[in-house]
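The next block holds one structure in the form of structure tokens; read it before the comments.
A, B, ... follow the sequence lines: proteins, then strands. Residue 1 opens every chain. Reckoned from all heavy atoms, side chains included, excluding hydrogens, waters and symmetry mates.
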Amino acid sequence: MPVQNAEIAAMFDQCADLLEIKGENQFRVRAYRKAARTVEGLPRSVSVMLAAEEDLAELPGIGKDLASKIADIVAKGRFGLLEQLKKKLPGDLGAMAGLPGLGPKRLKLLYDKAKVRTLDDLKRALKSGKLHGLHGFGPLTEKKLVAALEKPAAVQRFRLSVAEAEAEALVAYLRDTGKVVVAGSYRRRRDTVGDLDILVTAKQGAAVGDKLVGYDNVTEVLAHGPTRTTVVLRSGIQVDVRAIPEESYGAALLYFTGSKAHNIALRGRATKRKWKLNEYGLISGTRRVAGATEEEVYQRLGLSYVPPEMREDRGEVALAAKGPLPRLIEVGDIRGDLHVHSNWTDGTASIAEMVAAARARGYAYMALTDHSRRQAMSHGLDPAKVVRQGREIDKLNDKLKGFTVLTGIEVDILKDGDLDLPDTTLAQLDVVVASVHTYFDLPREAQTARIVRAMGNPHVHIIGHPTGRLIGTREPYDIDMDQITSAARDLNCCLEINAEPDRLDLNDLHAHMAKSKGVKIAISTDAHAVNAFQYMRYGIDQARRGWLTADDVVNTRTLPQLRRMLKR
DNA sequence: GCCGTTTTCGGCCCGACTGTTTTCAGTCG
């Protein structure tokens, strides 16, 4: 099985950790980390790129040496340097590196002076008092380590929609301290958020932190200084609040929005101009060149404005240096929803109610795509029921002015890639979404072949939630997205960005991969209730993170255009 | 280990907070 980009990235990250503990040149360490991010963010797998004889050394942060190391990993499936490092530094240093207060320096000290190599070693050393007197290990550090070992901090990320609820409440609470904005991965609209980074422009910086510490939901205060305060809320989410002066608003927003890699790229450009970029502004000597707005900072760095969703150091800085970036898709570009359920199967509302909700959003059309018969639990439709539902839709359409209900189905993809309804039934429908709902654990080749086979059916227009993941509860099934997107392009089949906040599937990287091959995307809510149409914006978020424009998305089209595009 | 409209060598993002020191290193984001 070809080596995955994510595996290579993980190897480079581990390598960086070990090199750092070993005390290697920090820039060499950083080079491995940067390369890991580059490989991880590629729209195509390096195995495929190598097979096409592409030069990996042209990728940002990857030079001759790392390119040959990647080629080696792909060829052998193993990474020699990492194996050597592991031999030199046996144990479970990765797990220990996750503990608060343990960075490379203290880890090395533990390793060399106290022979601590695993979490169990550390527990014993703490208990026996072996660490007393070890440089940098005072009573408080020891206490924190003991606490962390007893109750390991759940390294959890929160779904964007969950983080949103917390963020909105906090913003309201802090509003009277100044201008409040949520930055970080939340503003970049990542599908999950690790912590909330909140920025407040306030004259009295300390007052903001004080107010945060007094928030009802705070269970722990991790840091509390004059300009920066960090707390943990009852839900477990960590909140960082930073107070900054008005004239630094733009620079601070930029800095706090990240990503870290994007910031580093920007700072590199500043350095080249003999400037310095920090959260207070773009600074030349002691003079502030820019800082009040983000636009101003980008402009002075010779860049066009980069929307937060693109700030991942995936090539957007180079693109912004060439000229204006393409206008990313917006919620207002959407003219209809192509994946909607009703109470004919597992939805909670009638077709007419769903239509009313779709019209209220200003849509021109909606495809009703209830489940097929295999979904017995949700009363999936058999061929006869499909016909009956079609008649009801016809009647409804006769009465509707300026809105069209498209007939459709979300048909199950069976184990071998066959579909759950006969072609004669599918041929009668306007929109056929084909989805996997069973056999999630097939091996990669079989799972991929199954979906490609379904796409090969000329009646299928869209593959629904292509990876099947449920964020935080179910891993995506094992498929080769490179193959899937190539097949989608060759077979002229659309892929879905399912906007349901638990799914967000395709994710941003996959959406970008699809776009880069010219595959058309449908952004759909999979609405099972009238209020679920509002999830569209989460789908738009991920589409923007995948650099999609309105042109890449089929349901930005007028109905006649859409009909033409879906034809196969 | 990467990279170059100042450079193929000598740089490499930057500041806040904490705990351990006794003026600062380490960690973190």
Any Lys/Arg nitrogen of Asp508(A) or Arg544(A) sitting under 4.0 Å from an Asp/Glu carboxylate oxygen of the other? no

Ion pair Asp191(A)/Arg503(A), N-O distance below 4.0 Å: no

Given the C1' atoms of dG1(B) and dT8(B), what is the spacing between them in whole Å? 14 Å

dG26(B) to dT21(B) separation - C1' atoms, rounded to the nearest Å: 12 Å

Under 4.0 Å, counting only non-hydrogen atoms across every strand here, what does [X] touch: a base, just sugar-phosphate, or nothing?
X: Lys144(A); value: sugar-phosphate
X: Lys108(A); value: nothing
X: Lys34(A); value: nothing
X: Leu266(A); value: nothing
X: Leu59(A); value: sugar-phosphate
X: Asn25(A); value: base
X: Lys260(A); value: base
X: Glu279(A); value: sugar-phosphate
X: Tyr255(A); value: base

For the residue pair Tyr255(A) and Tyr280(A), is the inter-centroid distance of their aromatic rings smaller than 6.0 Å? no

Separation of dA16(B) P from Phe256(A) CZ (nearest whole Å): 12 Å

Does a side-chain N or O from [X] land closer than 4.0 Å to OP1 or OP2 of [N], or not?
X: Lys276(A); N: dG15(B); value: yes
X: Arg28(A); N: dG1(B); value: yes
X: Thr271(A); N: dG11(B); value: no

Atom pairs and distances, donor-acceptor, side-chain atoms in residues 81-105 of chain A, under 3.5 Å, two or more places apart:
from, atom 1, to, atom 2, distance (Å)
Glu83(A), OE1, Arg78(A), NH2, 2.8
Glu83(A), OE2, Arg78(A), NE, 3.2
Lys86(A), NZ, Gln14(A), OE1, 3.4

Of Gly103(A) and His135(A), whose closest DNA chain B nucleotide lies nearer the 5' terminus? His135(A)

First of Leu140(A) and Pro104(A) reached from the 5' end of DNA chain B, by closest nucleotide: Leu140(A)

In Watson-Crick or G-U wobble terms, with both distances under 3.5 Å, the base opposite dG10(B) is dC3(B)

Could you list the donor-acceptor pairs under 3.5 angstrom formed between side-chain atoms of residues 179-186 of chain A and any protein atom two or more places apart in sequence or on another chain?
from, atom 1, to, atom 2, distance (Å)
Lys179(A), NZ, Glu246(A), OE2, 3.4

